[in-house]
Structures are given as structure tokens and as C-alpha cells.
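As a basis for the values below, the full set of heavy atoms in this structure was taken, side chains included, without hydrogen atoms, waters or symmetry mates. So you know, we letter chains A, B, ... as the sequences are listed, proteins then strands, and number each from 1. These figures come from a predicted structure and were not determined experimentally.
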Amino acid sequence: MSDQTKPRIGVYVCHCGMNIAPKVNVEDVAAHAGTLAHVVVARDYKFMCSNPGQDMIINDIKSLGLNRVVVASCSPRMHEKTFRNAVKSAGLNPYYFQMANVREQVSWVTHDSMDATEKAKALTAAAVSRVFFHQPLSTREVPVIKSMLVVGGGIAGMQSALTCANAGYQVYLVEREPSIGGHMAKFDKTFPTLDCAACIMTPKMVDVLQHPNITLHTYSEVEKVEGFIGNFQVTVKKKPRYVDMEKCTGCGTCMEKCPSKKISSEFNEGLSFRTAIFTPFPQAVPNVPVIDAVNCIVLGKNKKCGACAKFCETKAIDFEQKPEFLTLDVGAIIAATGFQAVNPTHLEPYGYGRFPEVYTSLEFERLNNATGPTSGKMVMKNGQIPERVAIVHCVGSRDVRHKKYCSRVCCMYSMKFAHLLREKTGAEVWEFYIDVRSPGKLYEEFYNRVQEEGVRFVRGRVAEITDMTDDPNDKGRLTVVAESTLTRRTVRLPVDMVILSVGLEPAPGAEDLGRLLGVSRDGDGWFTELHAKLAPVSTPMNGIFLAGCCQGPKDIPDTVAQAMGAAGEAIALLSRGMVTTQAEISHIDPDLCIGCKSCIGACAYSAIGFDEARRVAVVNEALCKGCGSCAATCPSSSASVDHFTDRQIMGELERLV
Amino acid sequence: MMMYPLNSPDQGIVQTVRSMLQELLGKKLADAVLVLASNPWSDVPMPTLFTDPDRMEGVDPLAPVAPVSSARQASALTRSPSGKTVVLVLRPCEIRALIELVKLNQCSLENAIIISMDCLGRMENKIFSDEAKTGPGITERFLSSPELQGKITTTCSTCNDFLPENADITLCTLGAEPGHMGFEALTDKGKALLESLGFKKGDDLPKRKQDIAALADKRSLSKKELFDATALQMSTIDGFQTFIGRCLNCYNCRTACPVCYCKECVFLTDVFAHPPELLLERATRRGAVKMPTDTSMFHLTRLSHIGHACVGCGQCSSVCPSDIQVADMFRTVSEKTQAFFNYTPGRDVTEPIPQLVVRNGKRGD
Amino acid sequence: MSEYKPKIVALVCNWCTYTAADLAGTSRLSYPAEIRMIRLMCTGMIDQKYILKAFLDGADGVFIGGCHPGDCHYIDGNIKAEKRIGGTRNLLSQFGFEPDRLALQWIGASEGPEFQHNMTAFVERITALGPSQVADRMIL
Amino acid sequence: MNKASKPNPFTSISDIATINACIQCGTCSGSCPLSDQMDHAPRELFALIREGEYDMALKSNTPWFCVSCYACMVRCPKEIPVTDLMYAFKEIITRKRTAPKNQKMPDMYRAFSRIIKAKGRITESYVMALYGVKHPLDALKNIPLAVKMILRKRLEPKALSVSDPESFARLFELTEKSEDKA
Amino acid sequence: MRICFYPGCSYASTAGYKESTEAVCQKLGIELVVIPDWNCCGATVMFGENKLRATALAARHFALTQAMGFEEIVTGCNACYATLGKAARLLNEDAELFIKTKDVLQALGLTLDRIPKIRHLFEILTKAMPDAPSERYRSLSVGAYYGCQLTRPHQFLDKGGYPEILETFLERIGFAVTDHSARTQCCGASHAVIYKDECRNLSARIIREISDKGAQIITTICPLCQFNLDQAQTGDLTPRIPVTYFTQLAGLALGLSATSLGMNKLLVSAEKVISRP
């Protein structure tokens, strides 16, 4: 520890152009730092992070034999890496370096420049007394497993899986439903180009199924995630399909023969029925049915039946199937769990659930879809074709009592519905909106086209939908009540059908997956990205990325773009092949440890083992994330986190007060 | 309640206990006995590990003295399974400390027989040796003379946990006629041992309940007075500084403390070995700094480490060269800490240590 | 003595509160300069010694900022901190340090304004409490 | 003097700032039973105040048509306390006497308030009579109904009253002096 | 059971609300302890004139109730329920207002320390009424009308727009119930009295909806709602459907006579409807 006893510290105070300098008297701070023990040189410079600034440090290290560097400038979250590399390039261990944040936490937030300068001095002095106790550390390179996991088989999951597979990496795609496709599989047309969802998505689904690098696990869920960036061990639970996937040819006979037919179809939003053995929709991928264990006469009610087994030529039905657990070793994880439409039942004024002719947008999508309950004919529950339809925007969205955010896609799909209705039924279509939001490419053009098709736009949020009518011959119709704010009158519009453009919320189960992956969620339940603008697809958990609506409501173009982005980040990680583990991890001094195991109890990652022979605790460096819980629990400080040791922190405290 | 009364032990209480322990070894009911015993070189009986009954003539567990907390010795003895059955004769506070050490994976009570006693308190070593000089049978004299019983330490005179928990056998003197005593079995193991030694079950000692209650009330009252006064003293920084004014950072109190279990105290490591310029800087900031430094830091940090585990044995006060009543401070503060965590040290070996209850109540192993 | 300016140490976690502090900086949300901050990887890393040392060195207040429960980057570091800091506050309150001098708040990474509000409120509360009893005493 | 710099008469209302959150969506007007009678629907009244049109707001009949049914308040997507604000506006308009002359409700309020001050309790017939002085036509229109009420012994000839109206009336003086915020 | 009752100004002149409430309570052994020397709660007027005065008018009863040793005030009128509730909420939330109100009441010789809970008579009877006392009215289909201020603005008792507690109560005590959408539509309240034409179709729309949906009788829980819906049918509006108080139906279910429930005071007689089954 020779250089430990003779530290030679260099202090550099940055002007950061006009950001620090006028408010903080940088010359004063540098001068004050110069008076501190072991400080050999103290300078101030306009832009420390610039090349000349970094060169100044490098030259001082070489010429003055500095073995400690302190830079008082911006937040270490911004430029710690930059300066560490500069120190390293001068041949000094990059951890003999400490920053003092005198911009975000001093000059930008303090009125009085006297106070700001005093605070800057104290922070710089504290950094100097901390760096005195710094020790040389080195990061370790750990090999990255060249495969990845994608959770969620909607368009986002499929796209990121395909992009990564095309880059030559092994991808495991885990989807909870019997088939991939997600919400997009439910749509007929998609805005703004009105091309049909099935036509553009089914080829992708088949690609995913047949891609040599993609292993598809449908009807499966993630149970547990362990390990760290580049080396995750994921436990997946494959729910029993009761159908042998190898033998099944997808002929569909079993579905015809199944006697219990009165089960509400989730895929068709409850507008039609399905059998106990079913595939969610005809183009399901994989085209292998599952048996719904609750409603199946054999499995659910354990009575005699077995019709499906009897008629299955390839004998693929297997009532004895049990859940299967398998462990996947992956280097990166992409969460693509998508969204769920808001259920408007609790939004009282809209009367959903009370009035049969009030539909949600997803229900209308199924009505309009050729594979839907009405094979695409626009027929209401009462069998009639609607003559006048009202489409209600912002149902549940932009409302502090429900979802305070704008769900971003409802205006566009509402206009798509209006177009489809006009085209298919010629019905009078009214859209009640607050603001039409059509920001995307060709979106405004689509809005104009729908206006030209005679859709009537009323600017006013619907206050109430009721079956109370004023004019007797409107009996049986619904009345939409809203203020038309542009004509300053209350509109009471009798209509035959109402479509509620419901907002989006996180998919059910997102909270559990978030806890498994260690990814936090914002107030509304969407996964929190690392940086809203600059890192939208990565998360604070290294090696875990986000794609699609699970990060926030977005339309298909943005979802696909983000899916490719997330795949790009994952590929970047995997292609590096190695990942540097952080240097700031814990270790336990065997001479001080008395084997009380307190640290083992405190470790959230079970990263500390116990050496029975020597009766001491030992840190598994691969699993340790450097959170310091063990260090804070250990009374003798034999457990301590490198770069955050007691001496360093208490050293910093010494001059802070 | 399984009481084995001895109405008129012919050889007196000390000899009765001594021969009982000798028979445990003699009859191979145990392989060794750790018990307080006098020896020719010390005027104060010391914890001694016996394997040969014939060498046990100095055994005197009821002597009103405890030069060191036997918990630490008992822990060393049971640090790892020795395959031997050891009898540990400990005071109630020493048992509580031992149980805390078990929780810290320092030892185990598997094949240990614990014998304890109605603890009437102990004298400081010096006072005991002076009294022992004045005549023979200090223990018998202590048991029967309230005046001698008044000479116990402040800690013991304010302790109301004088009856043992988690022991197999208790040597009962409270409530017995003068010169008489009884053995009480608290566990089936204790019962079997006493009966195999030929003791006969009987009814409770005549005035045991009243005597225990009386002593408990007396001690609780004095405890409350002491704790209130100490709490008041500690409630201001000046009070606290005055209290530890003469502390030398010798860390004796840490060494004597049975539950302060670190192999090497952090205050002895380089974390507190401050470089000269740091000390000079501290001095410049306030104009002056008492040396050695970090005295307050030491006591507060130690309190934060074992505040929940302090069993109130008073050894820290006994060993302080500056006569600081460290135990008063530690017992007063830890009473509130233990209330805060709703935790009682030594009550139950399965009750996890509060700071470590992190994940839904179970401590990771 | 000039108008009393409290000395306050803030121990904050890198992932949430320190990020919120930076966000308060970039949004120019000013708060009193008496706050002096130390960046730690997690509040679960805060040893009770650091808090005791800060107060004994003359700090009038110690503010600890961490992630909201459930958001901790290390799963439950903040929950461990909450229990430990509760114990420390109980200890310090017996030595004449008002409990309010040691604060623990959850401030998320995106809560710049909340950070500013918390800082200003804490400085006001400490100023109201007046200088710590340690003040400029020569503490042993 | 441009309009914006004129003093805002509504600042005394404690939660007036909530109208800044209004996105002009019209839910309140759509939910209001009598919005068709109002010169400015509640949504529009907030817009006027925000744009500094204080005189128009003070002269508006909107608050006087508020039946206090709270339908707007439970549905407002920004949780603006519309009904409470209407009460606050009425208090300011009454104090500044800027209610539109043709408005009947202020006169009804004044009659109602005077009867409470005089008797401590309300008797519909007395209120109708006092109000009728200003609006005889309305009073007359209610005569047939009054007759039916008398036939069914539902009109109290004698005015209801608290035991000691004089001391009760002091409540009005005590609350008069304090010009507290609405 | 003793309840501290606040009658309100319109209680006596209603179409039998007073008689039916007292008859039913007497039958159920509920003692109505009327607040002596109660005053008008200020209804929708006073909060539009002077906030402190409106609060003081209401708070005078809080002081009186406190003196009587009760923890709750029960009232049968939606306007009083809402106004007393608003005053109670303001006093709990605004410390400054509480002090000022306390001083005003002090000057009137009353002390105010605690704010009682405000309850509607309906809440009391839902607990006190026994199940289906008689099967006589099982086929009489009732349209329950809540008015605005029972479930708004605070949706403590039930949802604000489409509540169900009155229907549940009526079915439990032996009536058939009509599902309809006008449960909390506004009847025009006090405006209907002086703006007859403008508010005419408010009540008309409610009556038409309830009768179209097949109800034979309407029941309300507020004097002003009953008055408006009742008198709205004196003109040319058909169909005629009697508008009663829920306490009158409760009385019928308990076997009390129509006259003892003051049903003779209804403008649209309920005679035929309740005698038919």
C-alpha cells in the first residue's frame, strides 16, 4: 500500500461554460482545495470534460506524479465514465478518482452565489478526503450467454424475437396465451393505411414458428429469474395443453366434436362461444388447441366424455399432462407484455354492461373481423344494422379519477371505426371528441379522409349515455348526451349503437413480472425505462429491455420500431460476448468475520455462501450487485463494498459538516 | 413446577450443591462441568471446567461473585459439537447471553445441561474478596445476611430478571428456611437428572412465592429509579459527555460484554485509525479535540450494535477502570431499543434478531 | 451569531433520489444550500455509524432519500434501511436529538419537484428546531 | 387599460386555481340539467374567467341556474369542484350586486335569506309572498297550486319560527362583519 | 334506539313525510329526538350568500347535538343532508373556518368542539326495517327515485349516477322494483318553483321514464323531489303516477293505514294503486 501513504491529489474545478462559473466562484474553490492536505495541484478550467480538459488531467498525472484525481463539475451520472477513462489512459487506476457535483446540486439550484461557493468548497473538500481512502479496483469480464428471452408474443415480442434471431442469436419466446399474435391478431384493418392486420401479421407469426433460432413456448409463463447481466437463469412453467404438440396436425376435428360448447370466447371479447378444447382463432400459431381444464367435462367435472380423444386420429389428446418446468440460460431479456383495454363497467355514465348496444372498441374490432362472431357483418346484438352510431373518445383516459394519461391510439382507431362503419353500413356516424390527436405519418390525412366520408365530429366529452328518450318514436334507442362546445348547446343524440374508445392499461401480471425482473413501474403501472428520452428501451437493470406497450401506450408503428430498438440493444450486449461486471461489489475479510451469518440473511440476491470449515461467510462475486446490505448489517465491517467502504464514506462525511 | 426440597441438608448448602455436581460426573450423567470454583491462587472463585469429581472441592456456584461472564466460556465450550455432554452452571443473565450467542451461530446448546440459581446478585470482585477474608463460608453468610446482600453491584440490585429461563435445573434458596434449599427441575431433562441423583419430589419451598414477589417488587422499584435518573442524565449532550468524560477508549467494557461478539471490534481496525492530518483538521474545526477521539462514537455505535441484545449483566460497569457505570447507560437505552423492536434477548432461541428480520420474518441461512 | 444556517447531511440512493436531485438541477428547481449530499448505491448500504458520526460532528439534520418501496433497484434495500433507521432514530432520541432531525423519505427518480419540496421543507423544519445541541461543542 | 391587468375579483375563492386544469371538454355543461338556460355554460364561464373577462363573468346568469345537483362535479375528468365554485361565484356576485336584472333567483335568495333572519325557519308561503312583491306574475302562477296545497292542509298559515328570533338574528350580524374569503 | 332528528323547514308541509316517518319510527321503536329550537340549514341559498354564515347556520345544530350527547344527526331531506354534510366537511378541513364558526356560536351561547356524523333517515331505516313484513305488495312495481344529493358529490352510500340501495331496500321489505335510468336525474329542485316552464320537462322526463319502464308508483327520499314530481302531474301531463315517500311504503309494508301515513295529502292519489293487489 505504498502509494496509500503518500497520496498526491489533483483537484480540477470546471466552469462548464456558464453553467457553474458565474454562480460558483471556481477560482475560490480551486484555491481552497489547494490548501487541503495532500493536494498537489488545484486548477479550474472552462470545460473539464472536453479533450483539452481531459488532457490537462492526463498531463498533470504524468508530470506531477498524481495518484488521486478529484473533478468538481457535473453529476457523476453524466461524466464519471469520461474522467475515469482519462485517468486510466494516464496509467492510473480509474478508481483513484472522485467527482463533486457542483452543477446539478449547487450552481443550478442555489440563488446566492456566496452560499453556492461555500457549498462547492465543502463538496470538493469532501471528495478530496474521500479520494484519499480510495483503493485500486478492476472490473472483471464475464462471458455473455449468446441467447435471449422475449416475454410476450404480441407484435412487439414477435418483432424483437425475429430481429434478434435474424442476427443469429438463439431466442426463447414465452407467450402466456395458447397462441402468439397478441391484441393485433384481433384487429381487422389497421390505421392509417387500412391494410388488414392478419395479412401483415400472419407471415410474421409463421416466421417466428419456423425460424431455426426461435424456440417458441406458448401457454407458458416466467416463474423465476436469477443471475445478472449476460448470465440470467430463467425458470419457465409450461402449462399443460392436454394435447401432444408433436402428434397434433391441427385438423380441428376435436373442436367440432367437443360437447361443451357454451364457453364465452375470450378472444371474441365474450361476443361468441367456444368449446372446451379450442384454439383462440383460426390462424393461431402454433395451430394446436388447448383443453380448458375448468370447463372440460373430464378434467373440470371429472365425468365421462373424451369425445375429442375418441375422434383424434393421431391420438394427440393426453388428459394426464402435468405442468412442465424448464430453465433457460439467457444473456438478455426483453419484456414485451403489451397492454390491456380498460374495462369501462366501472365508468358509470357510459352505461356499459347496462345497455347491450354499448360496445367497447375491442368488441367492435371482433364484430368487424371476418373471423369474428358475426363474420364481419356489422350486426348488433339485437340483430339489426345500426342507422346511427356514436363513437365516444377518451373513455377512462385523460381522467384523473381513472387514467390521467392520454392513451395515444384511441383517436386514430376511433376514426378507423368510423370509416369502416360508413363503408360497410352507410350509417350516420358521430364522433364525440375533446381533441383529435392524429400526430403520426399519414395520420392527419386519414383524419381528413374520414371527415370527407361524412363522419360528423362533435367537440364535447360525452357526459352520459342513457336509454331515456325525449321523442317517443326514438323509444328503444340510446341517447348520447354531450355539450357541443363549438356550438355552445347540449346535444341529446338518439343513436342505435355506441362504441366506447377505451384507453389502455398495463397487461394483468405485469406487476409480478416487474418484481421478477427487478424492473420498477411508474404510478400508472407501466414499466419505467432507464431514460425517457435517451434510453427508452433499456431499464436500470442491466441486460433487461422493454418493447411495446408494456412501457406505455403506443401504436403499432412505434411498437415495431421500439421492438427493433430493444432487439438492437440486446444484440449489442450479446455481440460484445463479454460484459464487464461492476467493480463495486462486496467482499468479506475472513480475518474479521466470526461467522454470525447476519450478512447472509441481509443479502437479497443469496450471493453470500458460508464456508463451514473456516466458519466464515464468502461472497459469490458473480451474483453480488454491490447493494451494501451486508456491509450495513456487519458490525465489525468485515463485509464491505469496494469503493463504498466505511473509511471512504466516513472520510467524505468528515469534511461535509 | 417440579420442586425437590432438601429440608435439612446436613453438610450445608455449598457442600450439598458441590456433592450434587460431583455425583453428576461420578454417575457419568455428564462428561464435564463448568462451574465457579475457588482455587489456591485467586481470592475470587473463577469459572472452572471439571472432569474429575475429586478435584471439585472448591466448587461454589452460589458465591455472590462473577469475575467474568461465564457465557463467553460456555460459548467457547460449545462452539462446535464436541460429542461430550457438558454441565454449564450459569447465572440467569449468563444464560440469556449464551442464547443470544447461539442465535449468532457462535455455539449450540445441543448436548448441554444448564443449571442455574435464584440469583441474589453478585458483589464487585474487590468487595467480595474483602468480605471473604473476614471469615469462612462467605456464601452461607451471604445467603442468610441481608446486610451482606446489600453489598451487591448497582446492576444486580436493580435487576428484576433474577429467576432463570431456558435452564434445566435451578438451585432454589428463595423461600427456603435458613440453611435450607431445593432443586427445581424446569425441564424433563432436569427432572430425570434430579431423580437419577435420588432426590425426591416434594412441595414448594414454604415462602418461595412471597419471597420472590417481594424481591421482584423491591428490585423493580430500584430499577425504575435508576433508569429514570440515567435516562435524564443521557437526555442532553452535556449529560452524556459528563457521563463518559473519563472514558479512556480502553474498550474493556466491550471485551467483558458477553454479547459483543465481533472477533475484532471495528474501533480497533483501520476504520478508526485516523491519519494525523485528519486529527489535526478535526482540531482546527473546533479549536480543540480530546484524545483519544471517537469516544462518544464508540459508545453510541456499540449501543447501535448490541442495544437489542444487552442482557443487563453489569460486567461493563465492573471492568471500567474509570468507574463509569456503563451498564446503567446500556441497560436504560437497550430497554427502549428492545421495546422499539418488541424483542427480549435470551427469551427464545428461535426469536430472530430484529435487525436481521428482513425478508418476511425469516433470517436467511 | 449571524442568522442561523443549519448544517444538513443528505445520504441518498443513486438510482432514485440522487437522480431526482439531478432532475431538480436540470429543471432549475432551487432549494436551500445547507443541504450537503453523499451518493450511495442504496439506502440499504447506510451503516448506523454514518448517521451517528454526522450528528456527533455537528450536523443539525440528516436526510435519507431512497426509492419507493417496490422500486428499489436492489429489491428491498430501502425496506432494510427503514427498519435500521427507525432503530437509530430511537437511539438518538434518547440522547437529546429530536427525532425529526433524522428524516427518511421515498423520492422516485422522476420526482424532481417532490425532491425540491422535501429539501425545502426539511431545511425549514431543522431551522425551526434550531441548532443541534452539539453545535460547536468539543465532542469527545 | 388592457383587460388582463384588471384585478381578478375571484381570487378570494380558495380553490379558484383548479379552473386552470380545465381542458374545456364540456362534461360539466353536458351533465347540467339547466345549462340550456345559461348564457354561458359552466365550461365557458371558466374560460371567460381564465381569459380575464371578469365583468362578463360577474354579470353571467350561469351560477343562478345552478340547481346544485353535483352531476358535473362527480364527472369532471380534472376533479374541478364545479358546484362549490358556483356557490362561491354567487357569493361574490351578491356582494358586488352585479347579478343580471332579469334574473329571478337573486330575488328568491334575498327573500329566503330575509325570512331566515327574521324567523330562523322557512315557511314556503311567506317566501313566495316576499318574492312575489318583485315578481307578482310568478306568485300568481302558483296560486292554483297553493289552493290544492291548502285543501290538503299542506300550507302552514302561521310562520315557523325559532323560539327567540331576535337573538338568533345576531348570527347574521356576527357573520356580516367578517369579510372572510368565500 | 334514540336518534337525534333534524326535521328541516319543509318536513311539516310535505305530503305525509312527517306522518309516515313518525308512524314508522314509532312502529319500529325508534325514538325521534327532535333537536329543540332547530333553525333552517340554509339549503342551497346561504352558501351562495355568505360561507361563514352558511357554516354557522348548520354548525349551530352541531353544537346543539353535542349538548344533547348525540354523535350523529339524522335528517330526511336531501338538501339538509347535503348542506349539513358540506358544513361538517368544511369545518373538518378548514381550521381557520372552524375557529371563526366556534367564536360565532360562542357569542350565541353555544359551544362547538366535535363535528357529529350526518346521516340520512334512509340509512337508519335500511337497518331498522325487518325483512318482508307483508307479501301484499309483492306485485306492486315501484320506481325508486333518489334525487341528486344523497349519492353526490361524495359517493359514500352508493355510486353517484346509478345507485341501487333503495331498490335493494324496497325488495327486502316486500315490493317489486322497476329498473329505470332516471334514478338520479335532476327534478329541477327549487328552480322548478319559479322557472316552471324551463324546468317542466325535467320532471316530465323522469316521470315518463319511470312509467314507461312499467312502474305503478314512484317513491322518493326528499321532500322537494316528491313535491316537484307530484305537482308536475297537476297540469296536462299524462300518465298519472303517484309519488310517495319511502317511509309511506315502509309504513304500508308494516301494515299501517294509508291515512295514518298522510297519503291523503298526495296531489296524485295513490288510493287505487295500493288497494288493487
Q: Would a distance-only check, ignoring hydrogens and angles, find a side-chain to backbone donor-acceptor pair under 3.5 Å from D:Tyr70 to E:Thr151?
A: no
Q: Looking at chain D, which one of E:Ala82, E:Gly262, E:Cys148 has the largest number of heavy-atom pairs inside 4.5 Å, strictly under?
A: E:Cys148
Q: Taking the side chain as C-beta and beyond, is there a heavy-atom pair between D:Met108 and E:Ser190 under 4.5 Å?
A: no
Q: With the side chain counted from C-beta on, respond yes when D:Lys90 and E:Val45 share a heavy-atom pair under 4.5 Å apart, and no when they do not.
A: no
Q: E:Glu49 vs D:Ser113, test: side-chain hydrogen bond (donor to acceptor under 3.5 Å, both in side chains). Steps then yes/no.
A: CA-CA 9 Å; E:Glu49 184 180 289; D:Ser113 173; 2.9 Å; yes
Q: Would you mind telling me which of D:Thr94, D:Asp36, D:Ile116, D:Leu151 has the largest number of heavy-atom pairs within less than 4.5 Å of chain E?
A: D:Ile116
Q: With a 4.5 Å heavy-atom cut-off, do E:His154 and D:Val74 have their side chains touching?
A: no
Q: Considering only heavy atoms and a distance below 4.5 Å, find which of E:Ala15, E:Gly16, E:Ala54, E:Ala56 pairs most often with chain D.
A: E:Ala15
Q: Is the backbone N or O of E:Asn39 less than 3.5 Å from a side-chain atom of D:Arg121, with the two atoms forming a donor-acceptor pair by type?
A: no
Q: Is there a side-chain contact between E:Ile194 and D:Lys141 in this structure, where contact means two heavy atoms from C-beta onward sitting under 4.5 Å apart?
A: no
Q: With no hydrogens and no angle check, is any side-chain donor or acceptor of E:Asp37 less than 3.5 Å from a backbone partner on D:Val162?
A: no
Q: Apply salt bridge (Lys or Arg N to Asp or Glu O under 4.0 Å) to the pair D:Asp84 and E:Lys86, showing each step before the final yes or no.
A: CA-CA 10 Å; D:Asp84 294 343; E:Lys86 178 169 181 176; 3.3 Å; yes
Q: Could you check whether any side-chain N or O of D:Glu124 sits under 3.5 Å from a backbone N or O of E:Ser10, counting only pairs where one atom can act as donor and the other as acceptor?
A: no
Q: By a 4.5 Å heavy-atom criterion (distance strictly below it), what part of D:Met105 contacts chain E: side chain, backbone, both, or neither?
A: both
Q: Give the member of E:Cys199, E:Cys186, E:Ala189 that has the highest number of heavy-atom pairs under 4.5 Å with chain D.
A: E:Cys186
Q: With a distance cut-off below 6.0 Å to the six-membered ring centre and an angular limit of 45° from the axis, does E:Lys51 pair with D:Tyr87 as a cation-pi contact?
A: no
Q: Is there a donor-acceptor contact under 3.5 Å from the side chain of D:Arg154 to the main chain of E:Lys265?
A: yes
Q: Contact between E:Asn264 and D:Arg152 at the side-chain level, heavy atoms closer than 4.5 Å - yes or no?
A: no
Q: Answer yes or no: is there a side-chain heavy-atom contact under 4.5 Å between D:Phe168 and E:Arg60?
A: yes
Q: Mind checking whether E:Cys40 and D:Phe112 have side chains closer than 4.5 Å, heavy atoms only?
A: yes
